[in-house]
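Fair warning: this is a prediction, and the values are worked out from it, not measured in the lab.
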Amino acid sequence: ISQPFVNSKPPSPLFSSSLTPYTFVALTTEKDPFMNNTSGKEKFASALEDFVESLSDYVSTEDGQWTIKGFIDIFKNIYTISADTKIISKILEIHIFPKILQFAEENKYKIILADHQNYYPDITFEGEDGTRFAVDFKTTYRDPSNNEFCNGFTLGSHGEYFVNRKSTKNIQYPYSSYSGHFCLGIIYDRINSEELDETKVREIGKLQSLVSVIKNFQFFVAEKWKIASDKSGSGNTANIGSINYIPDIISGNGMFSKLGESWFDEYWMNYHTINVPDGKGGNKKLSSLAEYVAYKNGTATLIVPKRTNKK
């Protein structure tokens, strides 16, 4: 995948009324040599999937609790970890990082960490032939009212570096230089607030009796396009949202999974930029996969419906 261009293909007749002019962004047929490395991507994905199978035992006690119990000071006092998801996410990343290094060494990959906190991806794996793979850590918790669903997560930006695939803005290397974009995901249960007292300080001798803030880990690996939804993942920021039905996440059965990666790319390149009729005599910004597939004369039956957690 290389630099985007303006596609001259006419839109579907369904949307051919007089609309505000737009620039439709599509993918060129010119391929970056590393992006076309399908066998390398499959090999990397298979190795990463095998690797994560061991992580649950690495981070868990025999009863499924997190082995991390809290912070310790020089006086051997233990302070409970906050249930804040950002704190949990960062500590989990630190916890499994030695295993990530071991995986890279065993599979002959070099690791490049993001230069800045807001850069994509969290980790770049680079093979001996220069092939690169992007891996982002994604953590989320199960819905306590229905454990088949989780809170969902974001899958990176659909902004500058996603649209302009040669850009280096907020990304370690240009998007087009990666052969695959993966999520290493962690789904867990949160402990009930009644079981957790963040105000107490414990002595190290009582470590085994402390309740962990999270438990029951499930690790997964997925290419991000395979678990994407068609909606933004975080308020006003330009982030792609995930699906949140756990069986579909684990199996890579997202909304674009039958349409293919090119549909995912073009949809999110053009998200909220194309005007379509609103059915009331006016226009609106295209913001659903069903609208986009109709606009492009695609096959609507290939859209995988996003399951919702109806109470």
Inset, instruction - Apply the test side chain to side chain contact (heavy atoms under 4.5 Å, CB included) to residues V59 and I186: give CA-CA distance (whole Å), side-chain angles for both, the deciding distance (0.1 Å), then the verdict. - result: CA-CA 11 Å; V59 302; I186 311 169; over 6 Å; no

Inset, instruction - Check Q218, K215, Q65, R142 against D189 for a side chain to side chain donor-acceptor pair (under 3.5 Å) and give me the one that passes. - result: R142

Inset, instruction - Report yes or no: do I78 and V211 belong to one cluster of Ile/Leu/Val/Met/Phe/Trp/Tyr joined by side chain heavy-atom distances under 4.5 Å? - result: no

Inset, instruction - Look up atom CG in D129 and atom OG in S179, then write down how far apart they are to the nearest 0.5 Å. - result: 8.0 Å

Inset, instruction - Can you measure from CE (M269) to OG (S262) and round to the nearest 0.5 angstrom? - result: 10.5 Å

Inset, instruction - Measure the acute angle between the ring planes of Y271 and W268, then classify it against the limits of 30° and 60° as parallel, tilted or perpendicular. - result: tilted

Inset, instruction - For residues T308 and F149, report the shortest heavy-atom separation together with the two atoms involved. - result: O-CZ, 3.5 Å

Inset, instruction - Determine, for Y120 and K224, whether the Lys NZ or Arg CZ falls below 6.0 Å from the six-membered ring centre while staying within 45 degrees of the axis. - result: yes

Inset, instruction - For P121 and A134, work out which heavy atoms get closest and say how close. - result: CG-CB, 3.5 Å

Inset, instruction - Could you tell me the separation between the CD1 atom of I250 and the CZ atom of F220, rounded to the nearest 0.5 Å? - result: 6.0 Å

Legend entry - F71 reachable from W66 in the ILVMFWY side-chain graph, under 4.5 Å edges: yes

Inset, instruction - For I191 and I214, work out which heavy atoms get closest and say how close. - result: CG1-N, 4.0 Å

Legend entry - Distance in Å, S177 OG paired with Q172 CD, rounded so as to fall on 0.5 Å steps: 10.0 Å

Inset, instruction - Examine W263 and V304 and state if one hydrophobic cluster contains both, with Ile, Leu, Val, Met, Phe, Trp and Tyr joined whenever side-chain heavy atoms are less than 4.5 Å apart. - result: no

Legend entry - Donor-acceptor side-chain pairing of T124 and R132 below 3.5 angstrom: no

Inset, instruction - For K86 and D84, work out which heavy atoms get closest and say how close. - result: N-OD1, 2.9 Å

Inset, instruction - Would you please indicate yes or no on a ring centroid separation below 6.0 angstrom for F182 and F44? - result: yes

Inset, instruction - Starting from the C-alpha separation in whole Å, work towards a yes-or-no answer on side chain to side chain contact (heavy atoms under 4.5 Å, CB included) for I187 and I246. - result: CA-CA 9 Å; I187 303 171; I246 295 174; 4.0 Å; yes

Inset, instruction - May I ask you to establish whether R165 and F162 are in a cation-pi arrangement, using a distance under 6.0 Å from NZ or CZ to the six-membered ring centre and at most 45° from the ring axis? - result: yes

Legend entry - Residues K296 and E266 bridged, charged N to O under 4.0 Å: yes

Legend entry - Contact check, side chains of L155 and W225, non-hydrogen atoms, under 4.5 Å: no

Legend entry - pair N107-F125: side-chain heavy atoms closer than 4.5 Å: no

Inset, instruction - Determine, stepwise, if the pair L48 / V135 fulfils side chain to side chain contact (heavy atoms under 4.5 Å, CB included). - result: CA-CA 10 Å; L48 198 59; V135 175; 4.3 Å; yes

Inset, instruction - Compare all side-chain heavy atoms of K284 with those of E291 and state whether any distance is below 4.5 angstrom. - result: yes

Inset, instruction - Give, for atom CG of N146 and atom OH of Y245, the distance between the pair rounded to the nearest 0.5 Å. - result: 8.5 Å

Legend entry - Student check: side-chain heavy atoms of I240 and Y267 closer than 4.5 Å: no

Inset, instruction - Would you confirm whether D122, through its side chain, and F137, through its main-chain N or O, come within 3.5 Å as a donor-acceptor pair? - result: yes

Inset, instruction - Kindly state whether the ring of H181 and the ring of Y175 have centres lying under 6.0 angstrom apart. - result: yes

Legend entry - Of all pairs that satisfy side-chain hydrogen bond (donor to acceptor under 3.5 Å, both in side chains), the ones with a partner from residues 52-62, not counting sequence neighbours: T61-D63

Inset, instruction - Spell out, as yes or no, whether a donor-acceptor pair under 3.5 Å connects the side chain of K110 to the backbone of E128. - result: no

Legend entry - Sole candidate of I227, N239, N244 that passes side chain to side chain contact (heavy atoms under 4.5 Å, CB included) when paired with F153: I227

Inset, instruction - May I ask you to test the L289-L259 pair for a side-chain heavy-atom distance under 4.5 Å? - result: yes

Legend entry - side chain to side chain contact (heavy atoms under 4.5 Å, CB included) between I171 and E160, worked out: CA-CA 10 Å; I171 188 169; E160 168 63 20; over 6 Å; no

Inset, instruction - Looking only at non-hydrogen atoms, find the nearest pair between T85 and R190 and report the distance. - result: CG2-NH1, 4.0 Å

Legend entry - 4.5 Å side-chain heavy-atom contact, C150 and I249: yes

Legend entry - Side-chain donor or acceptor of Y292 paired with backbone N/O of L286 under 3.5 Å: no

Legend entry - Single-linkage hydrophobic cluster I72~I81, side-chain heavy atoms < 4.5 angstrom: no

Inset, instruction - Would you check if H158 and V163 make a side-chain contact, meaning some heavy-atom pair closer than 4.5 Å? - result: no

Legend entry - Interatomic distance, L210 atom CG to I204 atom CD1 [nearest 0.5 angstrom]: 10.0 Å

Legend entry - Contact summary for G152 and S242, nearest pair of heavy atoms: CA-OG, 3.6 Å

Inset, instruction - Would you indicate whether the side-chain heavy atoms of I303 and D230 approach each other to under 4.5 Å? - result: no

Legend entry - Distance-only polar pair, side chains of S212 and K69, donor-acceptor under 3.5 Å: yes

Legend entry - Side-chain H-bond candidate by donor/acceptor type, N283 with N275, under 3.5 Å: no

Inset, instruction - Could you state whether Y119 and L113 fall into the same hydrophobic cluster, counting links through intermediate Ile, Leu, Val, Met, Phe, Trp or Tyr residues with side-chain heavy atoms under 4.5 angstrom apart? - result: no

Inset, instruction - Would you check if the side chain of S229 reaches a backbone N or O of G241 as a donor-acceptor pair within less than 3.5 Å? - result: yes

Legend entry - Sidechain-backbone polar pair: S176 side chain, K166 backbone, donor-acceptor under 3.5 Å: no

